[in-house]
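Down below is the structure, laid out as structure tokens.
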Amino acid sequence: MIYLKLFLTFLQIGAFSFGGGYGMISLIREKVLIHGWLTEEEMLNMIAVAESTPGPIAVNMATFVGSSQGGFLGAILATLGVVLPSFIIILIIAALIRNFMKYAGVKAFLGGIRPCVVGLILATAITMFMSTAIGFSGIGDTLTTDFNGIIILVILILINIVAKLALKKKPTPILMILISAGLGMLMYSL
Amino acid sequence: MKKYLNLFLTMLKIGLFTFGGGYAMIALLENEFVSKKKWLEKDEFLDVTAIAESTPGPIAINAATYIGYKNSGVIGSMIATLGICIPSFVIIYAISLFLDAFLSLTLVAYAFKGIQICVVYLILTAGLKMLRQMKKTVFNTVIISVTLISMIVFSLFAVKFSTIFYILISGACGVAVYFLGKIRKEEKQ
């Protein structure tokens, strides 16, 4: 029953992913890869689409995965699943425990989660890089290094450094995505 | 009724025009509800932001639900959440119908190969930025390194260990360290 699976999976994502946006990506990635709903490449494409369209990344991802696996109803159920935990938790806090943030236990729990989210984001980026740029996602894989990809990465880092030094401003994610699209067309066509 | 409509349309507008997720939306919400409409005090909005960041789920949804509830109760929170989600939903649903056909064009596929690298880069820089902002305590360093190393090692050896466990274990460590500190303090006194 794909509808129930979509709903329950995104319900878990909504209930257990902290830190918003990129903080949610590690859990979304884990779930969609386990279920075989998206490949690593499709996942990255979708994050780019989510970054370039309005709205929260997690909602965008839920709608897309839901639609690709279960059509319109799938999209509705996945989106509902990812939003519902937020909605219920915030409602309880707003209505009943106004000084939620002032409890020492809550503070301590969140204090533990915060560094964990940083570790999760970094680990996710590193494993994503290994699987896309050097084709390495587990012990035993034969390496297929994507030199074009590595060159694009180096160019992006240089652009960022130059922009920071010359304009004192970091390029926006959308601009970086556009630049990398151009670089991709150029490099892979050659 | 007019209040509900106003809330719905404002959230719809914010959902439609914010790019870049959570924090960009927080800024827009503040502009609309604190500066323009004055439905919330500045201090109250800071509380909303702290709660939205600390609870699970998308930050923008959390903030919208809270503001909706403050403004007009449970119905308000439903209307606000719905309003902020509808634009994303419609746009992404439309894209999902065409993306595969679009990606089958060779040049587009090449563009997306470049974009995939960019996304990894964006996630990495977001993570590094958060790392720099972390307080350099022993606790934070231990949690970050253990999470980072074990997650990479587990994924290389295809060991299934859900992200959910990392979150719950780290939260429990936070609570344990807090209570141990408290007990030790009491013993000294």
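Here is the naming used below: chain letters follow the sequence lines, and residue numbers restart at 1 for every chain. Basis for what follows: all heavy atoms, side chains included, without hydrogens, waters or symmetry-related copies.
- Placement of A/Met1 and A/Ile34 in two distinct hydrophobic clusters is found when ILVMFWY residues are connected by side-chain heavy-atom separations under 4.5 Å, directly or transitively.
- Both the backbone and the side chain of B/Leu128 come within contact range of chain A, judged by heavy atoms closer than 4.5 Å.
- When B/Phe179, B/Tyr166, B/Tyr178, B/Tyr69 are compared by the number of non-hydrogen pairs under 4.5 Å with chain A, B/Tyr69 comes out ahead.
- Among B/Cys173, B/Ala109, B/Gly171, the residue with the largest count of heavy-atom pairs under 4.5 Å with chain A is B/Gly171.
- Heavy atoms closer than 4.5 Å to chain B are found nowhere in A/Val106, neither backbone nor side chain.
- Using a 4.5 Å heavy-atom cutoff, the side chains of A/Leu122 and B/Thr147 are not in contact.
- Rounded to the nearest 0.5 angstrom, A/Ser67 OG and B/Leu99 CG are separated by 10.0 Å.
- B/Tyr121 approaches A/Leu156 most closely through the heavy-atom pair OH-O, 4.0 Å.
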> When you look at A/Ser189 and B/Leu107, which way does the side chain to side chain contact (heavy atoms under 4.5 Å, CB included) test go after all the steps?
Replying inline: CA-CA 8 Å; A/Ser189 302; B/Leu107 210 54; 3.6 Å; yes

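- Heavy-atom pairs under 4.5 Å with chain B peak, among A/Val49, A/Val82, A/Ile150, at A/Val49.
- Heavy-atom minimum distance, B/Ser162 versus A/Leu27: OG-CD1, 4.2 Å.
- Side-chain atoms of A/Glu30 and B/Thr163 form a donor-acceptor pair, as typed in the model, at a separation below 3.5 Å.
- Of all the listed residues (A/Gly111, A/Ala75, A/Gly182), the one sharing the greatest number of non-hydrogen pairs under 4.5 Å with chain B is A/Ala75.
- In this structure, B/Phe17 is a member of the same hydrophobic cluster as B/Val34, with clusters built from ILVMFWY side-chain heavy atoms closer than 4.5 Å.
- Counting heavy-atom pairs closer than 4.5 Å to chain A, the top residue among B/Cys118, B/Ala52, B/Gly15 is B/Cys118.
- Interface remark: A/Ser68 contributes no atoms to any contact with chain B (heavy atom separation under 4.5 Å).
- If you measure heavy-atom distances from B/Pro87 to chain A, you find no contacts under 4.5 Å at all.
- Counting non-hydrogen atoms of neighbouring residues, nucleotides and ligands closer than 6.0 angstrom, the CD atom of B/Gln133 exceeds 12 such neighbours.
- Heavy atoms of A/Ala95 lying under 4.5 Å from chain B belong to its backbone as well as its side chain.
- When heavy atoms are compared at a cutoff of 4.5 Å, B/Thr81 approaches chain A solely by way of its side chain, counted from C-beta outward.
- In this structure, B/Pro58 and A/Val59 approach most closely via the heavy-atom pair CG-CG2, 4.3 Å.
- Here the CD1 atom belonging to B/Ile51 is positioned 6.5 Å from the CD1 atom belonging to A/Ile90, to the nearest 0.5 angstrom.
- To the nearest 0.5 Å, atoms OG1 (B/Thr55) and CD1 (A/Ile88) are separated by 13.0 Å.
- In this structure, the side chains of B/Ser96 and A/Phe64 come closer than 4.5 Å at one or more pairs of heavy atoms.
- Counting heavy-atom pairs under 4.5 Å between each of A/Gly119, A/Ala125, A/Gly184, A/Pro115 and chain B puts A/Pro115 at the top.
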> What's the verdict on side chain to side chain contact (heavy atoms under 4.5 Å, CB included) for A/Thr132 and B/Lys113, showing C-alpha distance, side-chain angles and the deciding distance?
Replying inline: CA-CA 9 Å; A/Thr132 48; B/Lys113 284 193 94 164; over 6 Å; no

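- Within 6.0 Å of the NZ atom in B/Lys37, the count of heavy atoms belonging to other residues, nucleotides or ligands exceeds 12.
- With chain B as partner, the option from A/Met61, A/Gln12, A/Lys31, A/Met176 having the largest number of non-hydrogen pairs under 4.5 angstrom is A/Met176.
- Looking at A/Ile179, there are no atoms closer than 4.5 Å to chain B (heavy atoms on both sides), in backbone or side chain.
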>> Using the rule given for side chain to side chain contact (heavy atoms under 4.5 Å, CB included), can you reason through A/Asn45 versus B/Ile115, listing the C-alpha separation, both sets of side-chain angles and the distance that settles it, and then say yes or no?
In response: CA-CA 7 Å; A/Asn45 291 346; B/Ile115 289 172; 5.5 Å; no

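- When each of A/Ile121, A/Asn60, A/Ile152 is checked for heavy-atom pairs under 4.5 Å with chain B, A/Asn60 comes out on top.
- Between A/Thr127 and B/Ser155, the closest heavy-atom pair is CG2-OG, 3.0 Å.
- Residues A/Ser86 and B/Pro56 approach most closely at OG-O, 3.5 Å, considering heavy atoms.
- Using a 4.5 Å cut-off between heavy atoms, B/Phe139 touches chain A through its side chain atoms alone.
- Ranking A/Glu41, A/Met128, A/Arg114, A/Met46 against chain B, the residue ahead of the rest is A/Glu41, based on heavy-atom pairs under 4.5 Å.
- Listed options B/Lys182, B/Met151, B/Lys160 were ranked by heavy-atom pairs under 4.5 angstrom with chain A; first place goes to B/Met151.
- In this structure, the portion of B/Leu103 lying under 4.5 Å from any heavy atom of chain A is its side chain and not its backbone.
- Interface remark: of the candidates B/Leu124, B/Val177, B/Ile164, B/Ile164 forms the most heavy-atom pairs closer than 4.5 Å to chain A.
- Of the atoms belonging to B/Lys135, not a single heavy atom falls under 4.5 Å from chain A.
- To the nearest 0.5 angstrom, B/Leu168 atom CG is 5.5 Å from A/Phe16 atom CZ.
- Residue contact with chain B, scored on non-hydrogen atoms closer than 4.5 Å, involves the side chain of A/Leu110 exclusively.
- Counted within 6.0 Å of CG on B/Leu9, heavy atoms from surrounding residues, nucleotides or ligands total more than 12; the atom is thus considered enclosed.
- Heavy atoms from other residues, nucleotides or ligands lying under 6.0 Å from CZ of B/Phe102 number 12 at most.
- Only the side chain of A/Ile25 comes within contact range of chain B, judged by heavy atoms closer than 4.5 Å.
- Contacts of A/Tyr22 with chain B are made by side-chain atoms alone, with heavy-atom separations under 4.5 Å and no backbone atom involved.
- Atom CE of A/Met130 is separated from atom CG of B/Leu156 by 4.5 Å, given to the nearest 0.5 angstrom.
- By the 4.5 Å heavy-atom criterion applied to side chains, A/Ile89 and B/Asn62 are not counted as neighbours.
- Among all heavy-atom pairs drawn from A/Leu91 and B/Ser77, the shortest one is CD1-OG, 3.2 Å.
- The aromatic rings of A/Phe72 and B/Phe89 sit perpendicular to each other, their planes meeting at more than 60°, with 30° as the lower class boundary.
- Residues B/Val146 and A/Cys116 form no side-chain contact, since every pair of their non-hydrogen atoms from C-beta on lies 4.5 Å or further apart.
- The local environment of NZ in B/Lys136 is crowded, with over 12 non-hydrogen atoms from other residues, nucleotides or ligands closer than 6.0 Å.
- Counting only heavy atoms from C-beta outward, the side chains of B/Ile167 and A/Leu120 approach each other to under 4.5 Å.
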>> Quick one, A/Ile47 with B/Ile123, criterion side chain to side chain contact (heavy atoms under 4.5 Å, CB included). Give me CA distance, side-chain angles, the key distance, then yes/no.
In response: CA-CA 10 Å; A/Ile47 298 171; B/Ile123 297 174; 4.1 Å; yes

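- Rounded to the nearest 0.5 Å, atoms OG1 (B/Thr65) and CD1 (A/Ile93) are 10.5 Å apart.
- A 4.5 Å side-chain heavy-atom check between B/Met78 and A/Phe87 finds at least one atom pair inside the cut-off.
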